[in-house]
Amino acid sequence: MTKTLDVITIGRSSVDLYGQQVGGRLEDMGSFAKYIGGSPTNIACGTARLGLRSAVITRVGDEHMGRFIREQLVREGVDVRGVATDPERLTALVLLGIRDEDSFPLIFYRENCADMALSEADIDEGFIAEARAVLATGTHLSHPRTEAAVLKALNLARKHGARTALDIDYRPNLWGVAGHGEGESRFVASAAVTARLQATLPLFDLIVGTEEEFHIAGGSTDTIAALRAVRAVSTATLVCKRGAAGAVAFEGAIPDSLDEGQTGPGFPIEVFNVLGAGDGFFSGLLKGWLDDKAWPKALEYANACGAFAVSRHGCTPAYPSLVELEFFLKRGVLRPDLRNDAELEQVYWATNRSNPGAGDWSTMRVFAFDHRAQIEEMPGYTPEKGGTFKELCLQAALQVADGRPGHGILCDNRIGRRALHRASGTGLWIGRPCEWPGSRPLDLEPELGPDCGALAEWARENVVKVLCYCHPEDDAETRAAQEATVKRLFAAARRNGLEFLLEIIPSKVGPVDDATTATLIRQFYAIGIYPDWWKLEPMRTRAAWSNAIAAIEDHDRHTRGIVVLGLDAPEAALSASFAVAAAFPLVKGFAVGRTIFGEVVRRWLKGEVSDEEAVSQMAGRFARLSGIWDEARAMAKKEEPV
């Protein structure tokens with residue numbers, strides 16, 4: 001049959017809670033970052049980022065953490081058909097910390113966890129038959145039930161011509177030969193564990209482990225002797241990881257020295273966090289192996305992916321995209337602390353970002369009701385009425401979206417807090433403003449704090465939006481002040497893993513021509529601002545749009561794109577501006593507000609229209625604008641040269 005998957009991994013899935021205070025004891029951690037984890041889950045994500053069609057077979061609990069794993073796998077591009085929901089058991093948790101270069105304390109919360117209930121019934125032959133390779137990890141050989149599931153998958157893989165791989169992944173306490181407080185331990189000798197592993201080794205075409213992991217697989221603390229013991233029962237290619245010394249591959253007999261194995265180039269980088277490095281390594285190795293590269297090239301991929309992993313916080317989040325890997329291999333190491341390499345980190349962010357809740361944003365139809373001052377100044381306004389009206393705006397947006405991708409809102413937290421919170425999880429793209437309305441020089445909402453520290457409290461799916469009234473002819477003092485504010489906000493957004501939208505409106509400051517917006521865009525890139533999104537005022541000429549887009553693409557080929565703002569223009573004027581903008585693929589759509597709600601809110605505050613009428617009228621206008629944009633984009637595509 002046609003192989004629709006490159007690799008299926010089998011085994012552990014967990015939620016990793018990573019201590020954020022680097023250098024402290026796990027006992028003293030005050031906050032944690034939440035990631036998906038577990039070797040097979042990490043590898044499925046790592047290979048998906050490298051362009052392989054990946055899937056994982058595991059179990060998660062029927063609760064929030066289980067849903068988080070499933071949703072994050074989908075965002076990473078991993079096939080989740082093999083992820084079963086266990087109604088009786090909780091999703092596994094792991095608490096981890098980074099103490100120093102050599103100490104990485106961790107605690108496994110895996111007592112009767114969901115993934116250890118994996119059974120033969122969870123292994124579907126048709127699903128296994130779709131894969132070019134099946135990868136198992138050692139932990140699931142530690143219990144008869146999970147071992148039976150793994151063996152069934154491996155035998156089916158061999159039946160259907162798939163390659164098989166083993167990550168020895170020896171965690172002594174998960175085999176019951178070390179205590180709960182020894183999660184960091186990587187080796188405890190055990191004849192029983194060695195016997196269990198050796199019974200399975202003949203089923204694999206590729207076996208990967210550290211020297212200590214081959215010690216347990218081979219039953220000897222002499223690495224050469226251990227490798228030879230493994231070779232005695234397996235014809236697999238053996239890849240031995242040697243930490244800073246790289247890794248070596250052995251296809252045949254084991255020589256007298258590890259240095260005689262096949263090797264790939266290593267990378268002189270600073271070790272920040274070794275946790276998850278092996279899974280990053282295996283992801284790169286699988287990319288090379290399944291692309292039929294020679295072992296030195298496959299090991300180069302593996303070493304590079306491992307280098308990324310030890311340089312960043314977290315496991316899965318640290319792994320590179322294929323674009324980033326290729327960029328790194330071509331450019332090389334400029335500084336050993338890769339996480340502080342600004343150019344590399346921009347490629348990493350831009351090619352790996354996965355805004356929670358994000359779907360297909362190739363088209364953006366955004367109802368912008370983040371206005372504050374304009375509504376607060378209207379007759380009849382009260383904070384309670386303002387909040388209620390914004391909930392009506394949300395209802396209108398959801399009615400038009402009707403569960404389909406490509407729709408969003410801009411909503412504030414001051415008046416629209418209830419609507420903002422209700423929008424979370426609806427599938428809408430959600431932008432949230434930060435500027436103090438009308439400020440120039442730019443000032444931010446006081447709730448953010450002077451260091452923008454309140455962004456840590458934002459929902460992960462909120463996109464940081466800031467409007468800056470600026471012009472290329474601004475005096476030096478004004479320009480410096482505004483750029484400093486935008487830069488502070490941008491840095492805080494990145495630190496908190498939030499996407500960033502920069503809106504610029506030069507026409508409210510001074511006269512504009514075909515070069516005005518492009519000049520401003522280049523100025524912001526020059527100070528290190530790389531917005532995920534740009535929000536630009538409608539420009540009347542193709543030349544102005546061409547100049548602006550060239551300014552973006554000269555600096556960032558991976559930006560999400562541009563949305564066109566409305567400036568309270570009537571529908572006819574917006575239709576004309578859409579016709580010009582839609583000719584450029586980087587313009588994804590619009591973010592329009594007062595054209596949709598302006599007249600409605602005035603009448604609603606006076607009691608002239610009911611809630612239902614307000615929703616209906618706004619939904620009608622939003623739907624019409626969406627149709628106008630879609631028609632403009634369709635017309636532009638028809639006019640493209642063949």
Side-chain angles (χ1 to χ4, degrees), residues 22 33 45-46 49-51 76 264-273 276-277 280-281 283-284 287 300-355 452 455 463-464 466 483-502 504 518-534 548-562 586:
V22 175
C45 293
R49 288 188 175 190
L50 294 175
E76 294 282 356
F267 302 92
I269 48 87
E270 174 193 273
V271 174
F272 174 68
N273 170 31
F281 176 94
S283 298
K287 172 64 176 172
E300 181 183 27
Y301 290 169
N303 289 338
C305 291
F308 283 114
V310 301
S311 300
R312 291 170 175 156
H313 196 265
C315 298
T316 292
Y319 305 150
S321 66
L322 183 58
V323 171
E324 183 187 4
L325 176 62
E326 292 172 342
F327 172 84
F328 177 69
L329 293 178
K330 181 179 179 180
R331 194 208 64 173
V333 177
L334 294 187
R335 54 183 302 168
D337 52 340
L338 299 183
R339 68 192 178 282
N340 293 318
D341 182 328
E343 184 181 25
L344 185 62
E345 283 297 289
Q346 171 58 27
V347 178
Y348 162 69
W349 168 269
T351 58
N352 288 314
R353 61 190 159 206
S354 177
N355 183 16
C452 303
L455 290 182
V463 175
V464 175
V466 64
E483 289 182 345
T485 301
V486 175
K487 193 167 186 176
R488 184 171 77 253
L489 181 64
F490 174 72
R494 281 291 176 86
R495 186 168 61 247
N496 286 283
L498 298 167
E499 291 193 18
F500 187 82
L501 181 153
L502 178 56
I504 52 177
T519 300
L520 287 170
I521 289 170
R522 293 183 186 278
Q523 287 176 354
F524 279 108
Y525 280 124
I527 62 168
I529 307 297
Y530 285 77
D532 301 278
W533 298 95
W534 287 93
I549 289 167
I552 294 171
E553 293 186 336
D554 284 348
H555 294 87
D556 184 8
R557 288 279 175 177
H558 304 292
T559 186
R560 294 279 201 193
I562 301 166
L586 194 63

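Counting begins at 1 with the first residue of the sequence. A quick note: this is a predicted structure, and the numbers were derived from the prediction, not measured. Only heavy atoms go into these numbers, but all of them, side chains included; no hydrogens, no water, no symmetry mates.
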task: Indicate yes or no: at least one non-hydrogen side-chain atom of Asn303 is less than 4.5 angstrom from one of Phe281.
output: yes
- prompt: Heavy-atom distance under 4.5 Å between the side chains of His558 and Gln346, does that happen here?
  reply: no
- prompt: Where do Ala277 and Val310 come nearest, in terms of heavy atoms and distance?
  reply: CB-CG1, 3.4 Å
Minimum side-chain heavy-atom gap Phe500-Leu489 below 4.5 Å: yes
statement: CZ of Arg522 to CD1 of Ile527, rounded to nearest 0.5 Å, is 15.0 Å
field: Sidechain-backbone polar pair: Lys287 side chain, Tyr301 backbone, donor-acceptor under 3.5 Å
entry: no
task: Give a yes or no on whether a salt bridge exists between Glu345 and Arg494, defined as a side-chain N under 4.0 angstrom from a carboxylate O.
output: no
query: Is the shortest heavy-atom distance from the side chain of Ser311 to the side chain of Asp341 under 4.5 Å?
result: no
- prompt: Roughly how far, to the nearest 0.5 Å, is CD of Glu499 from CZ of Arg353?
  reply: 6.0 Å
- request: Answer yes or no: is there a side-chain heavy-atom contact under 4.5 Å between Tyr348 and Arg339?
  value: no
Over all atoms of both residues, closest heavy-atom pair of Pro320 and Leu50: O-CD2, 3.7 Å
- prompt: Are side-chain heavy atoms of Phe490 and Cys452 found at a separation under 4.5 Å?
  reply: no
query: Passes side chain to side chain contact (heavy atoms under 4.5 Å, CB included), Leu502 versus Val466? Steps please.
result: CA-CA 5 Å; Leu502 178 56; Val466 64; 3.7 Å; yes
Arg335 with Glu270: basic N within carboxylate O range, under 4.0 Å: no
statement: All heavy atoms of Glu300 vs all of Phe267, minimum pair found to be O-CE1, 3.8 Å
message: For the CG atom of Leu501 and the CD1 atom of Ile562, what is their distance to the nearest 0.5 Å?
response: 11.0 Å
- line: In short, Glu76 meets Cys45 closest at the heavy-atom pair CG-SG, 3.8 Å
Output field: ring centroids Phe328/Phe308 closer than 6.0 Å: yes
query: In Å and rounded to the nearest 0.5 Å, what is the CZ to CG distance from Arg557 to Leu586?
result: 9.5 Å
Atom pair CZ/CG of Arg312 and Asn340 - distance to nearest 0.5 Å: 10.5 Å
Minimum side-chain heavy-atom gap Phe272-Val22 below 4.5 Å: yes
task: Grab the two heavy atoms, one from Tyr319 and one from Glu324, that are nearest each other, plus how far apart they are.
output: O-OE1, 4.5 Å
field: Stepwise side chain to side chain contact (heavy atoms under 4.5 Å, CB included) test for Ile529 and Lys487
entry: CA-CA 6 Å; Ile529 307 297; Lys487 193 167 186 176; 3.9 Å; yes
- line: Nearest heavy-atom approach of Arg331 to Leu344 is NH1-N, 4.2 Å
query: Measuring from Leu338:CG to Ile269:CD1, what's the distance to the nearest 0.5 Å?
result: 6.0 Å
message: Checking Tyr525 now: which residues fulfil ring-ring contact (aromatic ring centres under 6.0 Å, His included) with it, not counting sequence neighbours?
response: Tyr530, Trp534, His555
task: Can you sort out the partners of Phe524 under ring-ring contact (aromatic ring centres under 6.0 Å, His included), two or more places apart, ordered by chain and number?
output: none
